[in-house]
Amino acid sequence: MTHPATGTTKGATHPVLNPATGEVVASVEVLDGAAVDAAVLAAQKAFEAWRDTSVEQRVEVLDRIADLVRGNAGKLSELLTLEQGKPIAEARTEVDTTEATFRRYADLGREKGAALFTEELGEHVRTFTPLGVVAGIIPWNAPLLVAAMKAGPAILTGNTIILKPAPTTPLATLELSRLLADTVPEGLVQCLVDDGSIGPLLASHPGVRKVAFTGSTVTGRAVTTAGAPTLKRLTLELGGNDPAIVLGDADPEAAAAGIFARAFFNAGQVCGAVKRVYIHDDVYDRFVESIADLVRDVVVGDGFDPAVTVGPLQNRTQYEKTTALLAKAVSDGTILAQSGVPDVDGGYFVPVTVVGDLDDAHPLVTGEQFAPILPLLRFSDEADAVARANSTEYGLTASVWTSDVAHGESVVQRIDAALLGVNKHNRVAPAFGIAMSKQSGSGWLFGPEGVREYLQPHLLFR
């Protein structure tokens, strides 16, 4: 099937593959710079009216979008599994969370109302006004959810938004855009698809006031560079090399279960997933036994099979990177546990793998694998474990696992990361803002602070 998009095309199409089979399941028209100009112009026109709407009107639109997501959850889930590869149950979780995200921004508008846009400061008043056109650039690991994370605050704050999904996962976002066509004002939410060429055009476009980007740190730097000539407002949610520390008093079985769930969800393709685990010598062997039991129960395969618990990697580039990294880990370390993979051709399947006996300089430890391979590292000194956890350019998420919660809080707060947890990892509470740290990004996500990222503050003397 072909999914046309509004605007000028290059006269070519871009294939979308099913990562479980390698088969082409759709094609999308490749847009060009003229299409970007047209989309920005339409968004600017829509902004002139949308900026003057009331909070109540914006909340009503957000509720309608959430209703649409819920009413079309089955089709959206199937499209996610088809293009992204995640098991159908995980796809449904993403759709449900997408609905909840739009509702959370509607609830925030109901709760805060005009207070989101005005602060009385005695003789002065601080006001907040919408920026204009926002570009939301979306990654391939959770396209619908991230679209909601960007469109929700943009709509609530009176901006218009142009969404650009990743070239390999445009289908669910395009379907959401199609559903919105008769629900939101024309030009309020647009979706542009490409082969990877128009992201820089959006990031550098003089008519785009803000870019909200989620993706790798490398690409985040490129977005920053593209927006530099116009000093564009940026919110960047980038990569992570997220540590978990299991202290000597931890329950190794409970820690293994919690870390397993947060390391291998979506085949490890989550920016805040556990990427490396430091385990105290006293509980190391029991932790390994527990997580190995969980790995042996994993079923890797096509996400449409209800028995499958881990799907394929999403694209060939990620698959080739991961297979090379896995081969090096096998050569340099010890495979502590490994699942099977289906005996089929064409799919981007890799086994869920736990690796030991790697040094801290190994690329599986220092980088962001974004794959279902987890290194386990021993420690005996708590301060040493914290120092090793901090030895990264990233600062997204971190956790400490212990039976002494108060002590765990004191330990985890010595780790330089945006989102911290004790006996939990990467548990986001959308009511509260999260400020990005180090090279994992810049700006705020969620909460009133995240909403203010989409507004221009003014100080009014009176």
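Given the structure is predicted, the values throughout are model-derived calculations rather than measurements.
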**Message:** Can you list everything that forms a salt bridge (Lys or Arg N to Asp or Glu O under 4.0 Å) with Glu56? Sequence neighbours excluded, please.
**Reply:** none

**Prompt:** CZ of Arg388 to CD1 of Ile245: how many Å apart, nearest 0.5 Å?
**Reply:** 9.5 Å

Of all heavy-atom pairs between [X] and [Y], which one has the smallest distance, and what is that distance?
X	Y	result
Pro139	Ala166	C-CB, 4.0 Å
Ser437	Ala418	CB-N, 4.0 Å
Asn241	Lys275	OD1-CB, 3.7 Å
Val55	Gly109	CG1-O, 3.6 Å
Thr157	Phe117	CA-CE2, 4.0 Å
Asn266	Asn141	ND2-O, 3.1 Å

For residues 40-53, tabulate all N or O donor-acceptor pairs below 3.5 Å that involve a side-chain atom, not counting sequence neighbours.
unit_1, atom_1, unit_2, atom_2, d
Trp50, NE1, Ile155, O, 3.2
Thr53, OG1, Trp50, O, 2.6
Thr53, OG1, Arg58, NE, 3.0

Which residues satisfy the ring-ring contact (aromatic ring centres under 6.0 Å, His included) test with [X], sequence neighbours excluded?
X	answer
Tyr319	Tyr348
Trp140	Phe370
Phe260	Phe264

**Item:** No-hydrogen, no-angle side-chain donor-acceptor test under 3.5 Å, Thr214 and Lys150
**Value:** yes

**Request:** Determine whether the side chains of Gln314 and Thr168 contain a donor N or O and an acceptor N or O closer than 3.5 Å.
**Result:** yes

**Message:** Would you say that more than 12 heavy atoms from the other residues, nucleotides or ligands in this model lie under 6.0 Å from the CD of Glu119, or not?
**Reply:** yes

**Item:** Electrostatic pair Glu175:Arg178 at N-O distance under 4.0 angstrom
**Value:** yes

**Asked** Got a salt bridge between Arg104 and Asp107, using NZ or NE/NH1/NH2 to carboxylate O under 4.0 Å?
**Response** no

**Request:** Give every residue pair that meets the salt bridge (Lys or Arg N to Asp or Glu O under 4.0 Å) criterion with at least one member in residues 304-318, sequence neighbours excluded.
**Result:** Arg316-Glu320

**Request:** Output every pair passing salt bridge (Lys or Arg N to Asp or Glu O under 4.0 Å) with a member in residues 410-421, not counting sequence neighbours, ordered by first then second residue.
**Result:** Glu382-Arg414

Side-chain donor-acceptor distances from residues 71-81 under 3.5 Å, at least two apart:
unit_1, atom_1, unit_2, atom_2, d
Asn72, ND2, Leu68, O, 2.8
Ser77, OG, Ala73, O, 2.7
Thr81, OG1, Ser77, O, 3.4
Thr81, OG1, Lys86, O, 3.0

Extract all donor-acceptor atom pairs below 3.5 Å that involve side chains of residues 121-128 and protein atoms in other chains or at least two apart in sequence.
none

**Prompt:** Which pairs with one or both residues in residues 160-201 pass ring pair (Phe, Tyr, Trp, His ring centres under 6.0 Å), sequence neighbours excluded?
**Reply:** none

**Request:** Report the residues that fulfil side chain to side chain contact (heavy atoms under 4.5 Å, CB included) with Glu393, sequence neighbours left out, ordered by chain and then residue number.
**Result:** Arg221, Gln439

**Prompt:** Excluding sequence neighbours, so at least two apart, what forms side chain to side chain contact (heavy atoms under 4.5 Å, CB included) with Arg103?
**Reply:** Asp63, Ala66, Asp67, Arg70, Glu99

**Request:** Could you go through the salt bridge (charged side-chain N to carboxylate O under 4.0 Å, His left out) check for Arg462 and Glu120 one step at a time?
**Result:** CA-CA 11 Å; Arg462 58 187 180 186; Glu120 294 292 338; 2.3 Å; yes

